[in-house]
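Following: one structure in C-alpha cells, then a few remarks.
Please read these numbers as outputs of a predicted model, since none were measured by experiment.
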Amino acid sequence: MSKLPTIHSRKTLEKIQSYQPGMPIWELKKMYGLSHVIKLASNENPLGPSPKIIRAILGSLPELHRYPDANTTTLKEHLADHLKLSPEHLLVTNGGDELIKLLSETYLEPEDEIVVPSPTFREYEFGAHVMGAAIKTVPLEADYAFNVSAILAAITDRTKLVYLCSPNNPTGTYLTRQDLAVLLDQLPDGVLLVLDAAYSHYATAEDYTTGMEFVRQGYPILVLQTFSKIYALAGIRVGFGVAHPFVIQKILKVKEPFNVNSLAQTAAITALGDVEHYDKSLAENTKGRKQLYDAFDEMNISYTVSMSNFVLAKLGPNAGAIYQELLARGIILRYGDTWGLPEHIRISVGTLEENQILIENLRELLLTIGK
Ligand SMILES: *Cc1c(COP(=O)(O)O)cnc(C)c1O
C-alpha cells in the first residue's frame, strides 16, 4: 500500500495563487467544440512573427546539439548598440518574467517589502511571495494615474524594490518623465526602482520615458524589457534588464547559466534588425486601438486611453457574464476580476478583422445581456 508522505513545503508558498494566464486557444476550442477562436487576452502581437525571424530560426536549427551562449554575448552587443549603453548594463533572461523572479531572489529577504501600485501586473507579487517578503500596495488614482507622493510615502526601512509598470498593465496609463525624476530623486538609499517597460514601444506621449535615460545617468533604476510584445516573440521567451553594472553583477549570481535558449537568442538578434515588422506592428496597433475607441464611444462604453496594445474598458455589473458569453462564442478577453475590477475587461488589440468581430459580438451582447 502506498502512503502519501507528509512533506511540508515552505510556509510562504501558501500565499501563492498560481498565475492565471489568458486562456489558451486550444483549451477553449476543446471546451466548446469550436473550430475558430480569437484570442485578445495576452497582449500578443496579432501579426505573428516576422518571416525574417522564422528564416533565422530555421537556419540555426542544425546547431541545436550545442549549449547556447551562456552570456548572450552577441545579443547583448546588439542591444547595447541599440540602447547606447554598454553590454555590462544588460542582463538577458527567459522572458521578462524570469527577470522578476531573479530580482526577487537577488534582493528580497523574508523581512523585506516591495511597493507596488494597484492594479498592476501580478508577477511582482509572485516574486515577493516566493521569497516570503511582504507586499505593500498603493492604489492608483481614480483615472489610474500614478500617485507619486503615495508611492514615496509607502516606502519604509524594509522596502527593497519599488515596481512601476509604465505603460501599466492592465490600465494602459503611464508614469511621466517628470514623476519618475521626482521619484528617483527622493528614493531613499537602498531601494531599487524597477521600471517595467514591457509596452514602452507603444507609448507615444511626449512626456513618456522608458527610463533608459535615468539608467545612463546612474540612478538606482532597473528597466525591464521584453521581446514578447511588439517583437512578436512571446512563445520563444526572451526579455532583458538594463541597470547599472553593479546591479547586473548581483543578479547574475542567481541566474541559471543557460537561461536563454539558442533559438531565442537568434530570434531576438534578428528582431532588433527587423525595422519593417516593428513599424508595421506599431501602425496596426494604432489603427486597431482607434477602431476599438470609436466603437466604444458609439456603444457608450467607458474606457481608459491606452499607451499600449490593450484597452481597459468598463462594461458594468454584467462584465463577467459578457466575458463568459464571449468565451462561448470563441472570443477570449481578460476579465478584470484578476485585478479586482469585476466590472472591467481588458482587450488586447487584435487585427482589424478580429477587432471587428469582437465589436459586433459585444454590440449584440450589450443588447441581450445588457450592461
Ligand atoms: C508581458 C509582460 C512582461 C514580460 O513578459 P515575458 O513574456 O515574460 O517577457 C512583463 N511585464 C508586463 C507588465 C507584461 O505585461
Side-chain angles (χ1 to χ4, degrees), residues 42-43 83 85 89 93 95-97 99-100 103 114-125 127 135-155 159 161-187 191-217 219-231 239-243 247 282 285-286 289 303-312 334 339 341 346 348-349:
S42 301
N43 306 336
L83 300 168
L85 281 160
H89 285 87
T93 54
D97 286 354
L99 178 55
I100 295 167
L103 273 165
I114 67 165
V115 170
V116 283
S118 171
T120 194
F121 194 48
R122 298 294 303 276
E123 288 296 291
Y124 316 136
E125 289 191 16
I135 296 149
K136 246 204 186 154
T137 55
V138 181
L140 295 175
E141 290 177 348
D143 57 357
Y144 302 124
F146 289 87
N147 185 336
V148 172
S149 47
I151 293 166
L152 282 168
I155 297 172
T159 310
L161 302 173
V162 174
Y163 283 100
L164 297 173
C165 184
S166 177
N168 186 43
N169 181 3
T171 60
T173 47
Y174 69 101
L175 184 76
T176 64
R177 172 178 296 112
Q178 169 73 24
D179 279 351
L180 182 57
V182 169
L183 264 170
L184 285 169
D185 277 329
Q186 299 188 22
L187 205 64
V191 181
L192 179 67
L193 195 152
V194 182
L195 189 82
D196 185 340
Y199 301 98
S200 61
H201 314 90
Y202 300 101
T204 48
E206 281 280 327
D207 57 352
Y208 174 76
T209 175
T210 59
M212 251 20 125
E213 59 198 290
F214 296 98
V215 176
R216 287 187 204 103
Q217 291 168 43
Y219 280 96
I221 179 175
L222 177 140
V223 177
L224 179 152
Q225 293 268 3
T226 178
F227 283 90
S228 295
K229 308 288 157 57
I230 200 158
Y231 292 108
F240 61 95
V242 190
V247 172
L282 195 58
N285 183 66
T286 308
R289 205 171 49 192
Y303 58 88
T304 305
V305 171
S306 171
M307 281 295 137
S308 199
N309 66 344
F310 53 81
V311 182
L312 185 72
R334 203 57 171 277
W339 301 283
L341 299 169
R346 191 197 66 192
S348 307
V349 178

Query - Y208 side chain to S166 backbone, donor-acceptor under 3.5 Å - result: yes

Query raised in the report: Do other residues, nucleotides or ligands put more than 12 heavy atoms under 6.0 Å from Q178 CD?
Result: no

Requested in this report: Start with the C-alpha distance between I155 and L187, add both sets of side-chain angles, then the distance that settles side-chain contact (heavy atoms from CB on, under 4.5 Å), and finish with yes or no.
Outcome: CA-CA 8 Å; I155 297 172; L187 205 64; 3.8 Å; yes

Query raised in the report: Stepwise, does the side-chain contact (heavy atoms from CB on, under 4.5 Å) test hold for Y219 with E213?
Result: CA-CA 9 Å; Y219 280 96; E213 59 198 290; over 6 Å; no

Query raised in the report: Does the side chain of P170 reach to within under 4.5 Å of the side chain of P119, using non-hydrogen atoms?
Result: yes

Query raised in the report: Hey, mind stepping through Y231 and T226 against side-chain contact (heavy atoms from CB on, under 4.5 Å) and telling me if it holds?
Result: CA-CA 8 Å; Y231 292 108; T226 178; over 6 Å; no

Query raised in the report: Under the side-chain contact (heavy atoms from CB on, under 4.5 Å) criterion, do Y124 and V194 qualify, and how do the steps go?
Result: CA-CA 10 Å; Y124 316 136; V194 182; 5.9 Å; no

**Report entry** side chain to side chain donor-acceptor pair (under 3.5 Å) against Y174, all qualifying residues, sequence neighbours excluded
**Finding:** D207

Query raised in the report: Under 3.5 Å, side chain of T210 to main-chain N/O of S200, donor-acceptor pair present?
Result: no

Report task. Give the minimum heavy-atom separation between G211 and V223, together with the two atoms involved. Result -> C-CG2, 3.8 Å

Report task. Search all heavy atoms of V115 against all heavy atoms of A154 and return the closest pair with its distance. Result -> CG2-O, 3.9 Å

Query raised in the report: How long is the gap from OG on S306 to CG on N285, to the nearest 0.5 Å?
Result: 7.5 Å

**Report entry** Spatial distance of atom CG (L222) from atom CG (L192) [nearest 0.5 Å]
**Finding:** 6.0 Å

Query - From CE (M212) to CG (L83), nearest 0.5 Å - result: 4.5 Å

Query raised in the report: Which heavy-atom pair separates S42 from S348 by the least distance, and what is that distance?
Result: N-OG, 3.4 Å

Report summary line: Between the OG1 atom in T171 and the OH atom in Y144, the distance rounded to the nearest 0.5 Å is 7.5 Å

Query raised in the report: Side-chain contact, heavy-atom cut-off 4.5 Å: L282 with Y202?
Result: yes

Query - Value rounded to 0.5 Å, distance of CG in L312 from OG1 in T304 - result: 5.0 Å

Query raised in the report: Just checking, is any N or O donor in the side chain of N169 or R346 under 3.5 Å from an acceptor N or O on the other one?
Result: yes

Query raised in the report: Do any N or O atoms from the side chain of R289 and from the backbone of S308 form a donor-acceptor pair under 3.5 angstrom?
Result: yes

Report summary line: Here the pair of heavy atoms bringing A150 nearest to V138 is CB-CG1, 3.6 Å

Report summary line: When rounded to the nearest 0.5 Å, the distance separating CG of L224 from CG of D97 is 8.5 Å

**Report entry** Beyond-backbone contact of P139 with N147, side-chain heavy atoms, under 4.5 angstrom
**Finding:** no

Query raised in the report: Is any side-chain heavy atom of T159 less than 4.5 Å from a side-chain heavy atom of K136?
Result: no

Query - Side chain proximity check, Q225 to H201, heavy atoms < 4.5 angstrom - result: yes

Requested in this report: Please examine the side chains of L164 and L193, heavy atoms only from C-beta on, and report whether any two atoms are closer than 4.5 Å.
Outcome: yes

**Report entry** Nearest heavy-atom neighbours spanning I100 and E123
**Finding:** CG2-O, 3.5 Å

Requested in this report: For N168 and T120, test the side chains for any donor-to-acceptor distance below 3.5 angstrom and give the result as yes or no.
Outcome: yes

Query - Nearest heavy atoms of F146 and I151, plus distance in Å - result: CD2-CD1, 4.3 Å

Query - Sub-4.5 Å side-chain heavy-atom contact between L103 and Y163 - result: yes

Query raised in the report: Do L180 and I221 come within less than 4.5 Å of each other through their side chains, counting heavy atoms only?
Result: yes

